Student: 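The structure follows.
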Amino acid sequence: MTVPATSAFAHVPAYAGDPILSLMEDFQHDPRPNKVSLSVGLYFDEQGRLPVLQAIRRAEEQLAQNIVPCGYLPMEGAAGYRAAVQKLVFGAEREAVNSGRIATLQTLGGSGALKVGADFLKRYFPHAGVWVSDPTWENHVAMFEGAGLTVHTYPYYDGATGTLRFNAMLAAIRALPRGSIVLLHACCHNPTGVDLSRQQWQALIPALIEGGLIPFVDMAYQGFGDGLDEDAWPVRALADAGAQCFIGNSFSKNFSLYGERCGALHVVCASANTAQTVLGQLKATVRRNYSSPPTHGQRLVTTVLQADELLALWRQELTTMRERMKAMRGALHAALQQRLPERDLSYFITQRGMFSYTGLSAAQVDELRDRDAIYLVRSGRLCVTGLNASNVAQTAAAMARVMGQ
């Protein structure tokens, strides 16, 4: 066999790695017994385990009683799943649902919704720019830039106060060119945990519509903020106001189904006819990408959403998860405030969801990792679900040391 003298791929640079996933690998290789992972966005229970929700366990048992073939799903996904998810996201009695003017697509998690949506927007709005919050989840930028769109930022987080720069945000959005795409977080903003209030959404939505902008709302944490319906309020308000918009949602976190890749993309249109046209082109986008979504995860989600008893059980489990996150926020805040009484650390308990923007610098995060075996993302983002009764005091003591230097 003849071996090529030079590699045809010599010009391909090495992949630097995803910073969060690489941090997970470093954590797993760390031999220190007292290590604490506060980096990756996974929900862990009080014992530090990924939970199997009882609602999902019962759905699995039901499905096991009737094993069926795993044929290809349609490009748009399973009809029952799409209908059940649309009602969960928008509300069963909403006009937009009942009039059929929402095109809903089963996707490979929330990331799949972003990917398909970005590809669709690039094809049919090729010159539109994308505006994302400063800061946002790093993969938002990668997804839209990967589709060939240019990404900009709008003001969002005030690092000095730990609050939302809403006036600056609203002014920036009002100044955007018509046809611009505005990426928004429905709830539990990643990475800051700082959300718009209902009053702020009520001021923002008319600006989006009157400015001829295209909202793209990412809802990865429905139920982790205040509740399933409460967290979906911004999405429902947009649809009720007549906004034509994109909504991506995920069941990775709130169903603890990370590896099953369960999500959906919804496009709210002006009419049912337009929704059918859009759905057709979304299907074409899927066909050019991965052809069809997987079967098992959507069966689990659909089983839960379509059974009143399982749906009620899931809501109870979500409440338990949500309350644990709030309790860990409170415990961390109390321990930090005791050690740093002169500091205003109230942002730790006003932020919502899985993440807290701690205000720690990259150098301080590095010190926590190297000296204390406490792993955060270098932006200072902390995943509160990595905290529990056995490690919160240790974490607070180390954080207070670096914060007080």
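In what follows, every heavy atom counts, from backbone to side chain, and hydrogens, waters and symmetry copies are set aside. What you see is a predicted model; the values in this text were computed from it and never measured. Nothing fancy with the numbering, it's 1 onward along the sequence.
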Student: Taking Arg101 first and then Glu95, would you say they form a salt bridge - that is, a charged N and a carboxylate O separated by under 4.0 Å?
Tutor: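 Salt bridge: yes.
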
Student: Who passes salt bridge (Lys or Arg N to Asp or Glu O under 4.0 Å) against Arg165, sequence neighbours left out?
Tutor: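 Applying salt bridge (Lys or Arg N to Asp or Glu O under 4.0 Å) to Arg165 gives none.
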
Student: Just wondering, do Met24 and Ser37 contact through their side chains at under 4.5 Å, heavy atoms?
Tutor: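 A side-chain contact under 4.5 Å is absent here.
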
Student: Measure the CG-CG distance between Leu108 and Leu265 for me, rounded to the nearest 0.5 Å.
Tutor: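 Reported value, rounded in 0.5 Å steps: 11.5 Å.
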
Student: Walk me through whether Arg94 and Ser99 qualify under side chain to side chain donor-acceptor pair (under 3.5 Å).
Tutor: CA-CA 9 Å; Arg94 282 304 202 275; Ser99 66; over 6 Å; no

Student: Evaluate side chain to side chain donor-acceptor pair (under 3.5 Å) for Arg322 paired with Thr319, printing each intermediate quantity in order.
Tutor: CA-CA 5 Å; Arg322 185 170 62 249; Thr319 298; 3.2 Å; yes

Student: Check this for me, if you would: do Asp119 and Lys122 make a salt bridge, where the nitrogen-to-carboxylate-oxygen distance has to be below 4.0 angstrom?
Tutor: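 Lys122 and Asp119: not salt-bridged.
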
Student: Tell me, do His296 and Glu60 make a side-chain contact under 4.5 Å, heavy atoms counted?
Tutor: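 With C-beta onward as the side chain, the pair touches.
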
Student: Within the distance-only criterion (no hydrogens, no angle test), does the side chain of Ser256 pair as donor or acceptor with the backbone N or O of Pro51 below 3.5 angstrom?
Tutor: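 Indeed, once roles are kept as given, a pair shorter than 3.5 Å links the two residues.
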
Student: Report the distance from atom CZ of Arg58 to atom CH2 of Trp314, rounding to the nearest 0.5 Å.
Tutor: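 If we round to the nearest 0.5 Å, Arg58:CZ and Trp314:CH2 are 15.5 Å apart.
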
Student: Can you measure from CE (Met328) to CG (Leu382) and round to the nearest 0.5 angstrom?
Tutor: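 The distance works out to 12.0 Å.
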
Student: Thinking salt bridges, do Arg401 and Glu367 make one under a 4.0 Å N-O criterion?
Tutor: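 Judged by the 4.0 Å cut-off on N to carboxylate O distance, Arg401 and Glu367 do form a salt bridge.
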
Student: Among Arg381, His333, Gln351, whose side chain to side chain donor-acceptor pair (under 3.5 Å) with Ser356 holds?
Tutor: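 Testing each of Arg381, His333, Gln351 against Ser356, the sole residue satisfying side chain to side chain donor-acceptor pair (under 3.5 Å) is Gln351.
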
Student: Indicate the atoms forming the closest heavy-atom contact of Ile205 with Ala241, along with that distance.
Tutor: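 Scanning both residues, the minimum pair turns out to be CG2-CB, 3.8 Å.
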
Student: Could you name each residue pair satisfying ring pair (Phe, Tyr, Trp, His ring centres under 6.0 Å) that touches residues 377-405, not counting sequence neighbours?
Tutor: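 Those involving residues 377-405 do not exist here.
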
Student: Under the criterion side chain to side chain donor-acceptor pair (under 3.5 Å), I'd like the reasoning laid out for Asp30 against Tyr375: C-alpha separation, chi angles, the key distance, then a yes or no.
Tutor: CA-CA 10 Å; Asp30 191 329; Tyr375 285 72; 2.7 Å; yes

Student: Looking at Phe90, I'd like to know if the NZ or CZ of Arg236 sits under 6.0 Å from its six-membered ring centre while staying within 45 degrees of the ring's axis.
Tutor: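 Not satisfied by the 6.0 Å and 45° rule.
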
Student: Contact between Leu238 and Val268 at the side-chain level, heavy atoms closer than 4.5 Å - yes or no?
Tutor: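 No. Closest side-chain heavy atoms not under 4.5 Å.
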
Student: Using the ring of Phe27 (Phe, Tyr or Trp, six-membered ring only), decide whether Lys35 places NZ or CZ under 6.0 Å from its centre and within 45 degrees of its axis.
Tutor: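 Yes, Lys35 sits over the ring of Phe27.
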
Student: Output, in order, the C-alpha distance, side-chain angles, deciding distance and verdict of side chain to side chain donor-acceptor pair (under 3.5 Å) for Ser346 and Asp344.
Tutor: CA-CA 6 Å; Ser346 59; Asp344 179 7; 2.9 Å; yes

Student: Not counting sequence neighbours, which residues clear side-chain contact (heavy atoms from CB on, under 4.5 Å) with Ala400? List them please.
Tutor: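 Ala400: side-chain contact (heavy atoms from CB on, under 4.5 Å) contacts with Leu336, Arg339, Leu340.
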
Student: Would you say the rings of His266 and Phe246 are close, in the sense that their centroids are separated by under 6.0 Å?
Tutor: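 No, the ring of Phe246 stays outside the 6.0 Å limit from the ring of His266, centre to centre.
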
Student: Any ion pair linking Arg378 and Asp366 (charged N to carboxylate O, less than 4.0 Å)?
Tutor: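 Judged by the 4.0 Å cut-off on N to carboxylate O distance, Asp366 and Arg378 do form a salt bridge.
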
Student: Look at the rings of Phe144 and Phe216 and say which category their plane angle falls in: under 30° parallel, 30 to 60° tilted, over 60° perpendicular.
Tutor: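 The arrangement is perpendicular - the two ring planes meet at more than 60°.
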
Student: Taking the six-membered ring for Trp, are the ring centroids of His189 and Tyr156 within less than 6.0 Å of each other?
Tutor: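 Yes, the ring of His189 comes within the 6.0 Å limit of the ring of Tyr156, centre to centre.
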
Student: If every non-hydrogen atom of Met399 is compared with every non-hydrogen atom of Leu360, which pair is closest and at what distance?
Tutor: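 Nearest heavy atoms, Met399 then Leu360: CE-CD1, 4.2 Å.
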
Student: Anything under 30° is parallel, anything over 60° is perpendicular, the rest tilted; go ahead and classify Tyr124 against Phe120.
Tutor: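 Tilted.
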
